[in-house]
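Sharing a structure here in structure tokens format.
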Amino acid sequence: MTKIFDDPGQFADEALDGFVAANSQYVARVDGGVVRATEFPAGQVALVIGGGSGHYPAFAGLVGAGLAAGSACGNMFASPSAGQVYRVARASQAGGGVLLSYGNYAGDVLHFGQAQEKLNAEGIETRTVLVTDDIASAPLEEIGKRRGIAGDLTVFKVAGAAAEAGLDLDEVERLAIKANHHTRSLGVAFAGCTLPGATEPLFTVPEGMMSVGLGIHGEPGISEQPLPSASELAQLLVDGLLKDKPETAGRRVVPILNGLGTVKYDELFLLFGKIEALLTAAGLEIVEPECGELVTSLDMSGLSLTLFWLDGELEKFWAAPADTPAFRKGSLAPRRARSIESLAETGTMPALAASPASMAIATTALEALKEARAVVVEHEEALGKLDAIAGDGDHGIGMRRGVDAAVAAAEKSHAAGAGLEELLAAAGEQWAERAGGTSGALWGAAVTAVGRTLGSKDAYTAADATAAVNALRDAIVTLGKAEAGDKTMVDALLPFADTFTKAIDDGGSLAGSLCAAAEAAARAADATADLTPKKGRARPLAEKSLGHPDPGAVSFGLIASRVADYAASIESR
Ligand code: ADP
Ligand code: MG
């Protein structure tokens, strides 16, 4: 249980402020995360890492000389937004290009990917290396689908040391990819973790049992077994990882035993002793190991073992010095403090003085967003529970944060006299910015796209309405790349769009067509219970999800139905 906070909604931000206050010789706060507080040479590659908060020392704790140049810090367990990543990278870079590196999660991939596009478009050369070390999350043949867990550290360390050594972006990228291919992890949990303000843990492990293969967001494990002895646990972890040894592995290996939250150091050391003996007995040479908390999961009781398989160059960069708040190795020459430019917020400014007719339409859009918010609030808890079955349990809270921010932004632009396009642009941007998670990026892009398609006019035709629905569909499909049957919100979205277009073509009214489309979406959302996920965080736990509908499809159906009811209530006035 997380006990220390004033307002759970502000937990991540306030914790980050305090972290910076406690480490001001290392890091400085910028909009979206933290950057190094010390100078580094112009032309050096900037390693920018990041992810959800709640994993300290990942990610902000790894910013400093010899390691990361900056970290984008999302909300609790939620990806930072594209805007956050972009602003942190801008503030971090020193003219040598940017390497983005982070654990492989759908939400992070979307947001970091959008930021990368924007940075490249502005002439800041930016590449990405995903960390995919978790052997429990996908089989070896599908290594690119694996999640990133404690192996983050080896990839970041090698990339950071290579940047520190003055290597160029091509080389830093190559070494980071190689480090990732040489890193394998396996985790276990004894009890779940609880988000600040929540009364229930994200998942539970039955008394006397252990869950094997969990993710660091509380995604449940792939199997459960009776709690083993320390020697049996060491054997399970070592056996699992040796079976998954990379083909190119040599004999020199770095073991990293990582505590996930509430396992005590003494317990970790006891276990480490047994692991060391097993690795040595297997003929391996142990090099500069780590044993402690490196990537955590709030108050989760659990641990993971990572094996980092060395070759000559990887060993050199692993052993190189680093000096960060949470990870120190060797010694570096002292660094001078640098001045941090404060980056202006990049909010969308509403264009003023829309016509009265256009403003009236914008008022309707604002009311529709409020209806969406109401239905999300009503179902917040249920959506979270649904997501916890096979995902990370944050769909309710993420949708709530997103739609709250969207309504607030829409209200602000409405008060400033904005028309429909500006109002929806502001709402979409803030939805993506504040929600975190995959669904936040998708909903944000969708709302913005609808605004762009409709523009700010005095009146709309049926053809405008179908164009807007098509824009909504295309924005989500283009960004998320999910297909029908992947068990995502797209499975509710496609029937929604098809039914709407057909109903309008048949001469239906706007409200009537929306109601028919929403019914089709809700039905299709229910039917996703029979599918197994192929995209997003639920994918590694495909079987667990069978029999339960996809949370994103369900929330899509709920929002569509509520907005359709609202349209019907206006039409009947
Ligand atoms: P996260 O998965 O990052 O925790 P949420 O829990 O808020 O984000 O949202 C999960 C939902 O997002 C899923 O139930 C699914 O409907 C949707 N989703 C995940 N990946 C995709 C994708 N690539 N395309 C469309 N929808 C997706
Ligand atoms: Mg989720």
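Counting starts at 1 for both ligands and their atoms, following the listed order. For the single chain, residues carry numbers from 1 onward in sequence order.
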Below 3.5 Å, N or O to N or O, backbone or side chain included: is there any such pair between Ala106 and ligand 1?
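For ligand 1, there is no N or O atom that lies under 3.5 Å from one belonging to Ala106.
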Any donor and acceptor pair, going by atom type alone, linking the side chain of Asn180 with main-chain N or O of Val155 inside 3.5 Å?
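Between the backbone of Val155 and the side chain of Asn180 there is no qualifying donor-acceptor contact (under 3.5 Å).
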Hey, does Lys481 come in under 3.5 Å of ligand 1, counting only N/O atoms on both sides?
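Looking only at distances, the answer is no, because the N/O contact criterion of under 3.5 Å is not met.
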Check whether Glu125 reaches the backbone of Val98 with its side chain - one donor and one acceptor, N or O, closer than 3.5 Å.
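No, Glu125 side chain to Val98 backbone: no donor-acceptor pair under 3.5 Å.
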Is a side-chain donor-acceptor pair under 3.5 Å present for Asp550 with Thr528?
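Distance-only check fails for Thr528 and Asp550.
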Show your reasoning for whether ring pair (Phe, Tyr, Trp, His ring centres under 6.0 Å) applies to Tyr56 and Phe19.
CA-CA 10 Å; Tyr56 192 85; Phe19 162 73; 5.5 Å; yes
Counting both backbone and side chain atoms, is some N or O of Met489 under 3.5 Å from an N or O of ligand 1?
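Looking only at distances, the answer is yes, because the N/O contact criterion of under 3.5 Å is met.
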Heavy-atom donor-acceptor pair, His379 side chain to Val375 backbone, under 3.5 Å:
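The answer is yes, because a donor-acceptor pair under 3.5 Å joins these two groups.
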Give a yes or no answer on whether the side chain of Gln430 reaches the backbone of Ala405 with a donor-acceptor pair at less than 3.5 Å.
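No: the side chain of Gln430 does not pair with the backbone of Ala405.
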Can you tell me the N, O or S atom of Asp394 that's nearest the Mg ion (ligand 2)?
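It is OD1, the N, O or S atom of Asp394 closest to the Mg ion (ligand 2).
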Kindly state whether the ring of Phe327 and the ring of Phe156 have centres lying under 6.0 angstrom apart.
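Ring centroids of Phe327 and Phe156 are no less than 6.0 Å from each other.
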For Pro551, is the nearest heavy atom under 4.0 Å from an atom of ligand 1?
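The answer is yes: ligand 1 sits under 4.0 Å from a heavy atom of Pro551.
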Return the orientation label for the Phe496 and Phe500 ring planes: parallel under 30°, perpendicular over 60°, tilted otherwise.
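It falls in the parallel class, under 30°.
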Out of Gly107, Gly396, Ser439, who gets a non-hydrogen atom closest to atom 12 (O) of ligand 1?
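Closest candidate by heavy-atom distance is Ser439.
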Do the rings of Phe5 and Phe11 sit parallel, tilted or perpendicular, given the 30° and 60° boundaries?
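Geometry flag for Phe11 against Phe5: perpendicular rings.
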I need the contact type for Leu479 against ligand 1. Using non-hydrogen atoms and a strict under-4.0 Å cut-off, is it side chain, backbone, both or neither?
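The answer is neither; Leu479 stays 4.0 Å or more away.
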Heavy-atom proximity to atom 11 (C) of ligand 1, best of Gly552, Gly437, Ser545, Ala78:
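Checking each option, the heavy atom nearest atom 11 (C) of ligand 1 is found in Gly552.
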Atom indices of ligand 1 within 4.0 angstrom of Leu442 heavy atoms, with elements
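Within the 4.0 Å cut-off of Leu442, ligand 1 contributes 24 (N), 25 (C), 26 (N), 27 (C).
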Any atoms of ligand 1 less than 4.0 Å from a non-hydrogen atom of Asp550? List them with their elements.
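Result: 13 (C), 14 (O), 15 (C), 16 (O).
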Taking non-hydrogen atoms only, is Thr488 closer than 4.0 angstrom to ligand 1 via side chain, backbone, both or neither?
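For Thr488, backbone and side-chain atoms both sit under 4.0 Å from ligand 1.
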Hey, does Asp394 come in under 3.5 Å of ligand 1, counting only N/O atoms on both sides?
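N/O-N/O distance below 3.5 Å exists for this pair.
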Please name the atom of Asp387, limited to N, O or S, that comes nearest to the Mg ion (ligand 2).
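For Asp387, the N/O/S atom sitting closest to the Mg ion (ligand 2) is OD2.
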Using a strict cut-off of 4.0 Å, indicate which atoms of ligand 1 neighbour a heavy atom of Asp387.
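Here the atoms of ligand 1 in question are 6 (O).
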